[in-house]
Each structure stands twice: as C-alpha cells, then as structure tokens.
Amino acid sequence: MSMAGAGVRVRLLGPVEVVAADGPQAVNGLRRKAVLATLALHVGRVVSVDRLIDVVWGERLPATAENTLQRHVSYLRGVLGEPGSIVARRPGYLLNTGPESTDVQVAEHLLELARRATDRTEQVTHLTEAVALWRGPPLADVAGSAWLEEQAEHLARLRLEAERALAEARLSAGEHARLVPGLERLVRQHPFDEHLHAQLMLALYRDGRQGEAVTTYRRLRDALRDNLGIDPSPRLRDLERAILRQDTAIAAPAPVATARVVAVAAQLPSPVPTFTGRDAELAALDALVERGGAVVVSGTAGVGKTALAVHWAHRAAERFRDGQLYVNLRGFDPAAAPTEPTRALRGFLEALGVSAARMPSEPDLMVSLYRTAVAGKRLLVVLDNARDAEQVRPLLPGSPDCLAIITSRDQLTPLVVTESAQPVILDLLSPDEARDMLVRRLGAHQVAAEPAAADDIADRCARLPLALAIVAARAATNRRFSLAAVAGELGDLNAFHGGDEATDVRAVFSWSCRTLSPPAARLFRLLSLHPGPDAAAPAVASLAGVTPAAIGPLLTELTRANLLTEHTHRRYAFHDLLRAYAASLADEAEFPADRQDAVHRLLDHCLCAAHAADLALHPHFSEISLPPPRADVTPEHPRNKSAATAWFTAEIPVLLAAVPLAARSGFEGHAWRLAWAIAGFLHRQGHWQDWLGTQRIALAAASRIGDRAGQGHAHRSLGLACSRLRRYDEADDHLRRALDLFTDVDDDAGRAHTCLNLGQLAERQGQHHQALGHSKRALTLFRRAGNRAGQGYTLNAVGWQEGLLGNHHRALKACGEALRMLQEVDDVQGQADTWDSLGHAHHQLGDDRRAITCYEHALELFAQVHDRYAVASTYVNLGGSHRALADLGAARAAWRRALSILDDLGDADADSLRADLEQLDVTRLS
C-alpha cells in the first residue's frame, strides 16, 4: 500500500502522541491532540469539519473555530511528517496514514488473531502484545470532550476484555501461579467484576491456596451485598462449592507449550450435580461406546431420561475426541411444535465449523453435508426429547465412530428395527436409588434420622426423579420441617388427587406451588405463556410486568424450588411436565384478559429489542415505526454491533417462536413487524428457511388485518429470500407485489428499496440493462424520500451496473458521488462497497495503480465491519490489478489471502481461484 506517512503511528492507548521513524513526537496543545485523536479514531474515513469542531470545542465555540481548525491540521501534518498525512476531502478531513497506523487498530487486529488462533501459545502471544499497547488510561490527556471521554471508556473496556482473555488463556495453559499478582491487581481495580474474581479464585485454588480462594469469593459476596444489594451469580457460587469440595473438574490442566489445540464441538448442557443411581443403565451405555450406532433411552415423563443421558455424556466425553453435539427436540413440549430436523442440523453444522456460505437450504443436502462433516470423526450426539423416528433419522451421524443417544417417552421401535438402535428402558427409581437421591440432596444425617419418612416421601413421589427433586428442594430450604411433616402434607394431597402415578406427580407440583410467595406463583403460571425454548430474565420481567430488579428474586425462588432451571446464566427453562402444569394453573387462575396482557407485554419486549438490535446493525435503513410499548415493559436496547449480534444469537430461537405466537394470539401487527426486525439477521446468518417461514406468517397476519404496508414489507422480504434461494420467478412476483402495495400507501422509501432489490435480482440473472433501469428508478425515489444513505447505496449500484455494461467513466462518476454521500452519513459498509466498485472501474479503464489504491481503501473498511467474504472478493480484484501491472508476486500474495478466507468459508469460488493461482505459478516459472 502506497500512502502518505508510512511508518508513522498515532498512539491513543495512553497520552496522545505520534511515533515516527526517529522516535516519539510531542503534540502540543489540548485541542490539537483532540483533533488528532478524533481523526485517528476514524482513520481512513472522512470526518466533517462540523463534527471536528463539535468534538474539539463543544458548546464553547469561538467565532474563529474553522480557521483555527485549519491551523491545527497544518500543525499536525508537520508532526506526522508528510503534508499528505491528513487529506482535505469534503466535507472535512481524513487521516491517511495507512493500515494499522494507530495503536487501537493494532490492538484490535491482535485481539482478532487471538480469537482465531488454535495454538494456545500463539493465542497468549497475541493477547500479551495487545495488552502491552496500553500505556495507561486511554486518551489520557484530552479530557473535557464528551465524545472523546466516551471513546476512552470504550477503549478501557477493550483493555479489560483483553486482560480477561489473556488470563483465561494462561489459566488454560497451567500458568496459575504466575497469574495471581496480576489478577489481584485487576480485582482491586474492578471490585465488582465476577469474571475476574472467578479467574483469581481458580488461580489461587490451583496454586494450592484454597483458603485464599474462598476468602476472595466471600469478600466479593459481602461487597456486592453491601454496595449493590445483590448476591453473586449462580455460576460463581457453584465455583465456590467446587473449591470447597476440591472438585477434580476444576483441577489445574497440564502445562501446554506449543501443542496445537483443536477446536471441538461442546454443546452438552450442564449435568445434574446430585445425579444418583442408574448403575445398570450407565453400565449398559458404557458397553455400547465402542459399537457406535444409536441408543434409545425411553421411559415415562419425569423419570430422568435427560439427566441420565447428559450425566453419562459428560462422564464419557473424553472418549469422543471430536466433541459432543446436543439438541432438545422438544417432542412433547406443550407450548411449541417439535424442533424441525433442519433447524437441529443447522445448529450441528455451525458447531462443526460449517460457515453460513456453505449451508444448503434443501433438507436432503443438509443431511448429506452433515454426514460428510462427521465422517472420520469420533463424536457423541445427544438427541433429547424426540417425538418419533422420523424426527430423529436425519440427525443420525451415520458414522461407525460416532454414537447417538436418543431420549424419548416413546420406545422408537422403528429405529430399533431398521437402524439397529439399542434400547435402554428407564424405569422408576428403585427404593434404594430414591433414598440415595434424597441423601444427595438433603444429607445423610437428615435421611438417617427419619428413614421411614424418607421412604414415604419417595413412594408418594412415585419414585420419579423430577418429583423427588422438587420435594427435596422444599425440605432442604426449610430445615425446620421434619421429613414426617413433609410426607404428611404429600399424603393429604395424594389422597385428594386419587393416588395414581400421574396424579401423584401433579400433587407434588401443587404442593410445591402452594409454598411459593404469591408473586413467584403468579410468575410460574405466566411463564407457561412464553413460547420458549428458554427465557431470558429481562423478557421474563416484561412478561410479568415488573422491573428487572424485581424479577431476580422471583426467578431465584422458582429455581430453588426446582420448578425452573437456570440452564445458562440468566436464561431459564421448564421441564415440559412443569410447563403443562403451569399452563393448566394459568387457565384456572388467570383471567383471559390478564393472560392476553402478559403475551402483549412479552411481544412488546421482543419487538422493541429486536428493532433496536436491527437498528444497531443497520442504522440508516429503518423502514418501519413501532407502536409504543406498554408502560410496564422494560425492553432491552443493544446499542452497538457486537451487542446486537450477541443478543440476536441468544434470542433467535425465542424470536422465531414469538412470530407465530403473535399471529395466533391476535397481535398481527406485532407478527409482521417482528418478522421484519429479524429478517436482516436471518439473512446474514444464512437461515433461509426460517426467513421464508417467518415472512409467510407475517404476510398472512398483515393480510388478515388489511395492513397494506405490512403486506408490502412481507412481500419484499419474501422476494429477497426467494432471490437468495435462486427462485427467481417467485422473487420477481413478490417484489412486484411489494412495489404495488408501497405505491398504494405512498411509501417512497419502500418503493425505492424494492426497486433496488429488483435491480439486484435482474443483475443476478445477467439482465444488466433492466438492472440499471430499476436502480435509476430507486435513486429517484430515495431522493424524493430524502434518504441520503439510500441514495449512496443506489448510486453505487448504478455505477456498478454501468460498469457491467462497459460504461466505466459513467461508473466512476456515479460511484464517486455515492462515496461522498456515504462518507457524509458515516456508513462504513457502503463506503467499502463503493471503493470496490471504483477499483473495478479503474481496472477496466487500464488505470491499475489507481485501482489498487481503491481496493486497499475497500479492504480497510471491510475489515472494520468484519465482512470476510467481501474482503476475499476484494483481494481477488486486487490480485487482478497487480497481475495487470506484471507484479506477479503481489498478485500471488493477494490471491493467497483471498483463497485462505474462501477456503475457511467453504465458498465454491475457492476452486476457480486455486486454478488461477496455479496458472500464475506457471506464468512466473516461464
């Protein structure tokens, strides 16, 4: 890359300074430092004059601010050493010092390398180098600017993330003793950070300092209670208990030098810590390990099938070197349809490292890809809560080195007959096993003191583990109750319910619910209205109409009573028997209007949060407005791209269930808006079938209430999905119907987006004249709507399509105008796309040096938005320009980088690029 100021680095991770070839260069003056810091935080991008003045002077704006700014820029050019280091480009200035010319860029690159590293030593090296870049508080000497202070806070959080990751990597490498002093320093700096405390506890424990580890926990517990009024998280409490009992699961690993660490699938849920008994069944599973194939664990509801499968899977995990896959197939969940095999396959393929780009949409192709991916691997696959054999068959790995464990209430005889699956039938606990389970949960002393009462409890719980767990939880938290008293209460209920096994279990549920506080009992009932498969604490708060602070104690009360499981941090799930029981209570105790209000609140929460997350990912393209949420809803607001992506990743199963819930509950407006809000994420993740399915529900819902705008959005999204799936005729039909509907409701922005999509559809089919016509129409409509980002994207499309038609000078003009607009609105993705288009036009005109500059701009920006496919595509183009200049070494380097990314993505273009590289080698040799 040939740019001004090569070798110059601007340092922001501490006091602001410039480092040139001859050493650090002082930058004198607070406002000059603020100008440099602002440009450096936008390196490679134009910052408008107005923005610079606002950041540097704020409300204390002098009349000569613009002239003073020009003098500051001139001074900074001198410090940086080259006049071209800061470029004047409308509407402001651009720092043009090249890639990784700020310490922030270097740190982010090192952190990305560490995330991708599979060698532990390499990971530690990258993280150590990244942390070392901080020389103190970031932006330490530009205080007074609100925006720069926000950036300083962000960079401080980035440092903390790097330090946490480094500690985690060193713990994994067995460096616990050397970690303790640094972790103690970090804990003093961040006295409420549970993650750091957990790392310090582990390091101390592994260094033989068990007492200090426990003291660290108790110090944090007291600080949280005294200052915040809360207790440590369940995860930290579990770690303290593991330390107290010297659990081997947290023992120090063997030190690792340079051994490669191979990423493996690890999807198993946590095991039940008080699992007991089932020795015969565990032995049977042990005997089947070497045979491979499939095992069907069947038995009545609540008998402990999942607990057995997960307990054994953890015990046998080391015998499956390539990891464990797990899915809850929800075969008997009363609140939702069974999990589709294609959804389960997608989760498996993602865990096995298959990228979205390689993910087929056709079920048969997904099965083939899955079986190809597991071929030669030694995997354990747990298929939990299966409905029937047809749901299971596509998920069987089909490899002799893999073992599948299926749990079901049905014996799945067809699998036993045709797939040679081995049956393991799980009966009720034996009397001894039931007593042992109570001992594990209550302690040997209490059970030994009242053995007859303990046996009576086991009998009245029908010796079902689920019922026993609930009763034991009640007894354990109320030690003043005798076991005889508990058994007596159960006896009264069983007599009332009739005494058979099914009603005995409901009696236990009833008894347990009677012990709840009224708010917790109401929450238990309302949770049955949540579509699952699990629920996050903030969504539960909105469902119940209480504050997030108030929901924590209620969820804790339900988990302590074993009526709810916190299967991951602040995410909660029901056993399906308990969900059905809660639903029956809700039908009896909650008025229909109250149930409807609860669903309304939940859907408001999902819609507001999904819309906020989508806006964080695409701030310039919000096409819909939302009705205000109810006053007792407190939705989440992911405010940046990483938070939005994380939120969508965690919540997408819930959101996919919420769309049909809204449609069938009389909230059609929520249904189509929610489908709209999640469409972008489904698109980027390659979830084509989910995208189609939710939009079909959205279209039907909007049609039922005569919402023509909603129908337009649904048709447009269906058109995009069909286009991606190469159903071009269907796509064209949906997009044209969307265009008609947006015309009916006079929505210029909707029409503009649809015309742009019609242009993209035509381009995919090689219809370049038609594509250009659609894009020009879109441009007219975006101008009428006043959408600057839309105009920028569409001008780039116009320029690209002009280039495909051979009109390269027109392409340069349109793309140049597009770039100015996209820089004005600070849309990084659009700027990157446009630089790539400009590079293509210059290449076609024979000006490959200018093309290379454009491609290098595009690469910098694509890296910022983590668009790996676009990075690979631009490297291909860059290599083409280097080859045109006969710089075959540079061409080879660019294409090698592109090939590495395409191979990693599993993209079909990798093979043709590999052939080009081979041809390039032949050319070089000749």
Side-chain angles (χ1 to χ4, degrees), residues 335-336 519-520 522-555 558 564 566 568-574 579 582 586 590 593-617 622 624-640 643-682 694 697-698 701 710:
R522 173 178 174 267
L523 179 60
F524 178 71
R525 297 191 296 268
L526 293 181
L527 276 167
S528 68
L529 304 174
H530 191 288
D534 61 2
V540 176
S542 291
L543 173 73
V546 302
T547 65
I551 204 65
L554 301 181
L555 289 167
L558 291 176
L564 204 62
E566 186 179 8
T568 59
H569 182 55
R570 289 177 63 77
R571 298 195 73 86
Y572 301 84
F574 270 130
R579 181 189 285 277
E590 303 291 333
D594 293 335
R595 296 200 300 272
Q596 190 77 344
D597 286 346
V599 172
H600 193 168
R601 290 191 296 267
L602 175 65
L603 293 173
D604 274 357
H605 180 100
C606 292
L607 179 56
C608 291
H611 187 249
D614 189 66
L615 274 179
L617 294 171
S622 178
I624 67 170
S625 58
L626 304 186
R630 293 171 57 105
D632 43 4
V633 171
T634 51
E636 300 160 274
H637 293 287
R639 298 194 183 279
N640 56 50
T645 300
W647 185 87
F648 266 131
T649 300
E651 293 292 339
I652 200 65
V654 175
L655 298 172
L656 291 171
V659 174
L661 172 66
R664 66 175 179 265
S665 302
F667 297 103
E668 285 86 354
H670 285 73
W672 77 255
R673 288 183 175 88
L674 188 55
W676 181 92
I678 66 177
F681 181 79
L682 295 175
T694 51
I697 295 170

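Every heavy atom of this structure was used, including side-chain atoms; hydrogens, water molecules and symmetry mates were not. If you're wondering where the values come from, they're calculated on a predicted model, not measured in any experiment.
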Inset, instruction - Name all residues meeting the side chain to side chain contact (heavy atoms under 4.5 Å, CB included) criterion together with Ala657; count only those two or more places apart in sequence or in a different chain, and write none if there are none. - result: Pro531
Legend entry - Listed partners of Ile697 passing side chain to side chain contact (heavy atoms under 4.5 Å, CB included), at least two apart: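 Expected list: Val659, Pro660, Ala663.
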Heavy-atom check, side chain of [X] versus side chain of [Y], under 4.5 Å:
X	Y	result
Leu656	Leu682	yes
Arg673	Pro627	yes
Arg570	Pro538	yes
Asp604	His670	yes
His611	Ile624	yes
Leu558	Leu527	yes
Arg571	Val654	yes

Inset, instruction - Give me the ring orientation class for Phe524 and Phe574: parallel if the planes are under 30° apart, tilted from 30 to 60°, perpendicular past 60°. - result: perpendicular
Inset, instruction - Can you label the angle between the Phe648 ring and the Phe681 ring as parallel, tilted or perpendicular, going by 30° and 60°? - result: parallel
Of all the heavy-atom pairs spanning [X] and [Y], show the shortest one and how long it is.
X	Y	result
Ala573	Pro533	CB-O, 4.0 Å
Trp647	Ala609	CZ2-CB, 3.4 Å
Leu529	Ala598	CD1-CB, 3.9 Å
Ala616	Pro638	CB-O, 3.7 Å
Ile678	Ala610	CG2-CB, 4.4 Å
Ile551	Ala544	CD1-CB, 4.3 Å

Inset, instruction - Would you sort out whether Leu674 and Thr694 count as a side-chain contact (heavy atoms from CB on, under 4.5 Å), showing the intermediate values? - result: CA-CA 9 Å; Leu674 188 55; Thr694 51; over 6 Å; no
How far does [atom1] of [X] sit from [atom2] of [Y], to the nearest 0.5 angstrom?
X	Y	atom1	atom2	answer
Leu602	His600	CG	NE2	11.0 Å
Leu607	Leu655	CG	CG	10.0 Å
Cys606	His530	SG	NE2	6.0 Å
Leu603	Arg630	CG	CZ	11.0 Å

Legend entry - Non-neighbouring partners of Glu636 that pass salt bridge (charged side-chain N to carboxylate O under 4.0 Å, His left out), sequence neighbours left out: none
Legend entry - Partner residues of Arg601 under the salt bridge (charged side-chain N to carboxylate O under 4.0 Å, His left out) criterion, sequence neighbours left out: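 With sequence neighbours excluded, Arg601 shows a salt bridge (charged side-chain N to carboxylate O under 4.0 Å, His left out) to Asp632, given in chain and number order.
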Inset, instruction - Check side chain to side chain donor-acceptor pair (under 3.5 Å) between Glu590 and all other residues, then give those that pass, not counting sequence neighbours. - result: Arg525
Legend entry - Selection residues 537-553 - residue pairs positive for side-chain hydrogen bond (donor to acceptor under 3.5 Å, both in side chains), sequence neighbours left out: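 Qualifying pairs, neighbours excluded: Ser542-His605.
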Inset, instruction - List the steps, then state whether side-chain contact (heavy atoms from CB on, under 4.5 Å) holds for Leu555 with Val540. - result: CA-CA 9 Å; Leu555 289 167; Val540 176; 4.1 Å; yes
